[in-house]
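Structure first, then comments.
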Protein chains: 2
Amino acid sequence: MTTKKATIKDVAREAKVSIASVSRVLNGLGGVTTETQNAVRKAAAHLHYVPDSAARSLITGRTHTIGAVLPDLYGEFFSELIRGIDLAARAKGLHLLVSSSHDGVEDAAAAVRTMRGRVDGMIILSEFVDGPFLDGNLPSDLPAVLLDSPVDHARYPSINIDNIAGAQAMVKHLLDAGHESVAFITGPAGNYDSQEREKGYRAAMAKHAPKAKLNIIAGDFTEESGYRAGQEILAQAKRPRAVFAANDMTAVGCLMAFKEAGVKVPEDIALAGFDDILIARYVTPSLSTVGVSIADLGKSALLLLTELMEGKGHTGSNSRTLRCDVVVRESCGAHQTNVATKQPPALV
Amino acid sequence: MTTKKATIKDVAREAKVSIASVSRVLNGLGGVTTETQNAVRKAAAHLHYVPDSAARSLITGRTHTIGAVLPDLYGEFFSELIRGIDLAARAKGLHLLVSSSHDGVEDAAAAVRTMRGRVDGMIILSEFVDGPFLDGNLPSDLPAVLLDSPVDHARYPSINIDNIAGAQAMVKHLLDAGHESVAFITGPAGNYDSQEREKGYRAAMAKHAPKAKLNIIAGDFTEESGYRAGQEILAQAKRPRAVFAANDMTAVGCLMAFKEAGVKVPEDIALAGFDDILIARYVTPSLSTVGVSIADLGKSALLLLTELMEGKGHTGSNSRTLRCDVVVRESCGAHQTNVATKQPPALV
DNA sequence: CGGCGGAACGTAAACGTTTTCATCGAAACT
DNA sequence: AGTTTCGATGAAAACGTTTACGTTCCGCCG
């Protein structure tokens with residue numbers, strides 16, 4: 001990195017060709033002798049030439065950058081998501097412009113707007129986006145994919161976690177483990193994920209324990225709310241045999257309440273969460289939960305976005321849904337080589 | 001977002017002025033009548049005009065974007081760091097280009113190079129950077145600040161966590177709590193943070209327990225290595241009364257080994273980590289540790305970077321160091337309103 | 001041998017800004 | 001009243017590319 005930066009003109013002069021030829025060679029457009037190709041490459045290398053991305057963007061209209069607009073996520077979710085997006089983006093030769101920590105509509109709108117013209121596409125994860133928001137803040141020709149969003153917009157596909165199936169599977173698992181009554185602690189009232197998970201809970205109960213009564217306690221995804229919900233549950237006349245919290249932090253709070261009251265988990269009451277955050281493995285007892293590969297979510301989003309960017313418009317049905325898995329640990333009472341639930345031997 | 005995008009010419013035509021005046025108004029350069037100002041603003045608003053950032057970058061040479069190059073960090077550290085940087089950047093009207101998950105020199109070098117020309121400055125956190133790396137991959141006129149790096153480069157300042165002081169404080173705390181012998185579990189051999197923390201351990205021991213023998217076990221920052229180290233410690237002829245691990249994950253692994261062996265923490269042996277990751281609060285017993293405000297680290301880095309970008313070059317001494325604090329929880333045996341270690345009443 | 005097609009290459013326009021410089025008029029001075 | 005000064009404005013250059021279009025040259029076919 002010695003002197004001033006070399007331009008395409010310098011390369012052209014050094015290689016004794018026109019700038020058009022330099023451009024052709026460096027972009028691999030063909031129509032150039034191998035001879036001049038070599039001359040150009042040599043000159044470019046010699047001068048440490050790097051094309052000016054601003055000039056290029058100006059004329060091509062492409063930035064080779066995609067933008068990610070994210071809310072104030074908890075650590076792990078955030079890092080995994082970015083990791084997934086970034087890795088996939090790099091593989092496609094794209095840069096990643098990040099704007100995180102938005103906690104209001106106006107905040108998110110501002111972020112989206114300032115990215116205008118700086119990106120070729122966007123990945124948006126925000127509970128505030130809806131149809132009007134998108135129509136009002138996104139240039140109509142900018143490809144975008146929505147993450148974990150209920151909105152079904154004609155122009156923008158979305159990728160969702162299969163909350164319903166995941167919750168359903170966990171509730172079934174609890175039921176199968178012999179806990180005939182299971183309570184559910186919700187997330188914040190308007191939250192999409194929470195609503196979906198509740199649907200899963202209801203569906204599983206309806207299907208596998210039709211005569212059991214539903215037992216739904218309000219929470220808001222915080223540890224604090226889980227703690228209160230736990231106390232509430234202990235105060236109930238007829239305690240449930242198991243508790244399924246809408247996310248892991250809530251479950252952890254609930255666990256604290258149980259511990260404090262001397263109620264044993266899972267012996268007295270089983271417990272499960274959703275998300276499989278890192279902490280889940282380290283609380284005592286370790287927390288059974290529903291896991292999602294967040295990195296895959298990010299990767300899928302980017303891949304879908306690049307498809308959009310490469311012309312094929314949103315056909316209206318390219319939304320995808322990502323499956324999630326029950327991860328069994330100690331808190332649900334069905335852990336380890338449990339002889340009772342062991343599989344029958346294979347027939348061969 | 002109705003039609004095609006409006007350019008400065010369109011605004012000029014609509015406002016019946018020259019493009020120069022439009023530019024002047026929109027950039028607040030003065031030398032324009034309030035009358036024309038209004039006309040321009042009105043026209044711009046009417047056309048939904050947004051200046052083309054590529055064209056602007058092309059001529060001004062500034063991108064209003066800063067780049068962050070980061071390794072494969074664990075969740076919380078990563079998200080907090082980005083959050084700190086992003087928030088500070090937004091406050092300064094800067095965008096954030098992220099490239100994460102680098103696990104090799106070549107990887108990091110590539111990331112740095114592709115950002116060339118797209119950013120006005122860089123924040124780099126990588127164990128691979130050293131003098132030659134910087135000289136070879138960074139344009140000489142590009143401001144950059146290093147995070148948590150030992151390199152003392154004339155051109156690039158760095159911001160470091162005060163590992164030594166933090167470790168020293170924790171060891172002193174353990175000693176003060178009555179644990180006369182404390183062992184130390186290191187991080188990976190070449191790791192800078194680990195080395196600094198070890199220095200702190202040695203310094204504190206030398207100062208506050210000069211006759212005690214040093215007891216250093218090798219680890220590598222992983223939970224697994226902590227587990228092995230824990231077993232090793234239990235096998236020692238003369239067990240230490242306390243263990244200080246170079247990071248929290250190691251401490252957690254160590255804790256698992258102790259639990260498994262039926263050794264009680266902190267009664268039989270006290271334990272402390274470093275980093276204050278989220279998990280530290282949730283293990284049983286909760287882990288005493290040394291906390292750092294990572295978000296502040298990111299924020300400081302950005303602020304320092306903007307100073308560099310605003311002209312005042314690196315004076316050679318604008319490296320900063322961020323203090324960290326002992327956070328006392330259960331595992332060190334000095335928790336709660338411990339009368340023995342209460343402060344004497346103030347003299348007034 | 002003349003015309004023609006195509007490959008290689010160069011010229012110049014275009015992208016949308018910022019910024020220098022010249023112009024113009026009016027106000028302010030002598 | 002003539003001249004100067006100054007503030008507001010516009011014309012045009014410049015930034016570094018890509019790309020449409022022309023030009024040249026060569027080989028080929030009729």
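Lettering of chains follows the sequences in order, A, B, ..., and the numbering in each one begins at 1.
- B:His153 and B:Asp130 form no side-chain donor-acceptor contact under 3.5 Å, judged by distance and modelled atom types alone.
- Counting all heavy atoms, side chain and backbone alike, B:Ser158 lies closest to B:Asn160 at OG-ND2, 3.6 Å.
- Two residues are said to be in side-chain contact when any heavy atoms from C-beta on lie closer than 4.5 Å; A:Ile124 and A:Tyr156 fail this criterion.
- Considering only heavy atoms from C-beta on, B:Leu322 stays 4.5 Å or farther from B:Ser293 through its side chain.
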Indicate every side-chain donor-acceptor pair of residues 59-70 of chain A with a distance under 3.5 Å to a residue at least two apart or in another chain.
| unit_1 | atom_1 | unit_2 | atom_2 | d |
| --- | --- | --- | --- | --- |
| A:Thr60 | OG1 | A:Arg56 | O | 2.8 |
| A:Thr60 | OG1 | A:Arg62 | N | 3.2 |
| A:Thr63 | OG1 | A:Thr65 | N | 3.2 |
| A:Thr63 | OG1 | A:Arg118 | O | 3.3 |
| A:Thr63 | OG1 | A:Asp120 | N | 3.4 |
| A:Thr63 | OG1 | A:Asp120 | OD1 | 2.9 |
| A:Thr65 | OG1 | A:Thr63 | O | 3.1 |
| A:Thr65 | OG1 | B:Arg118 | NH2 | 3.1 |

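- A:Glu127 is linked by a side chain to side chain contact (heavy atoms under 4.5 Å, CB included) to nothing, counting only residues two or more places apart in sequence or in another chain.
- Near DNA chain D, defined here as any heavy-atom distance below 4.0 Å, the residues from residues 56-63 of chain B are B:Leu58, B:Ile59, listed numerically.
- With sequence neighbours excluded, the residues that form a side chain to side chain contact (heavy atoms under 4.5 Å, CB included) with A:Glu35 are A:Thr33.
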Donor-acceptor pairs are to be reported for all side-chain atoms of residues 6-13 of chain B against protein atoms at under 3.5 Å, with residues two or more places apart or in another chain.
| unit_1 | atom_1 | unit_2 | atom_2 | d |
| --- | --- | --- | --- | --- |
| B:Thr7 | OG1 | B:Lys9 | N | 3.0 |
| B:Asp10 | OD1 | B:Arg13 | NH2 | 3.2 |
| B:Asp10 | OD2 | B:Thr7 | N | 2.9 |

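- Scored by the ring pair (Phe, Tyr, Trp, His ring centres under 6.0 Å) test, A:Phe133 finds no partners at all (sequence neighbours excluded).
- Looking at A:Val98 and B:Leu97, their side chains never come closer than 4.5 Å, going by heavy atoms from C-beta outward.
- Within residues 19-27 of chain B, the residues that have a heavy atom under 4.0 Å from DNA chain D are, in order of number, B:Ala20, B:Ser21, B:Arg24.
- When rounded to the nearest whole Å, the span between CG of B:Leu29 and P of C:dT19 equals 7 Å.
- DNA chain D is contacted by A:Ile8 of residues 8-17 of chain A, taking any non-hydrogen atom closer than 4.0 Å.
- The shortest distance between side-chain heavy atoms of A:Ile159 and A:Thr321 does not fall below 4.5 Å.
- Within the 4.5 Å cutoff, side-chain heavy atoms of B:Leu125 are placed close to those of B:Leu73.
- With the end axes of the helix from C:dC1-D:dG30 to C:dT30-D:dA1 each set by five pairs, the angle from one to the other reads 60° at 10° resolution.
- Atom CD in A:Glu35 sits roughly 14 Å away from atom C1' in C:dA7 (whole-Å rounding).
- Along DNA chain D, the stretch of nucleotides lying under 4.0 Å from any heavy atom of chain B spans, 5' to 3', D:dA8 to D:dG16.
- Side-chain contact between B:Lys5 and A:Pro139 is absent, with no heavy-atom pair separated by less than 4.5 Å.
- Annotation: salt bridge (charged side-chain N to carboxylate O under 4.0 Å, His left out) contacts involving residues 67-89 of chain A, sequence neighbours excluded, comprise A:Asp72-B:Arg83, A:Glu80-A:Arg83, A:Arg83-B:Asp72, A:Asp86-A:Arg90.
- Not counting sequence neighbours, B:Ser149 has no partner by the side-chain hydrogen bond (donor to acceptor under 3.5 Å, both in side chains) test.
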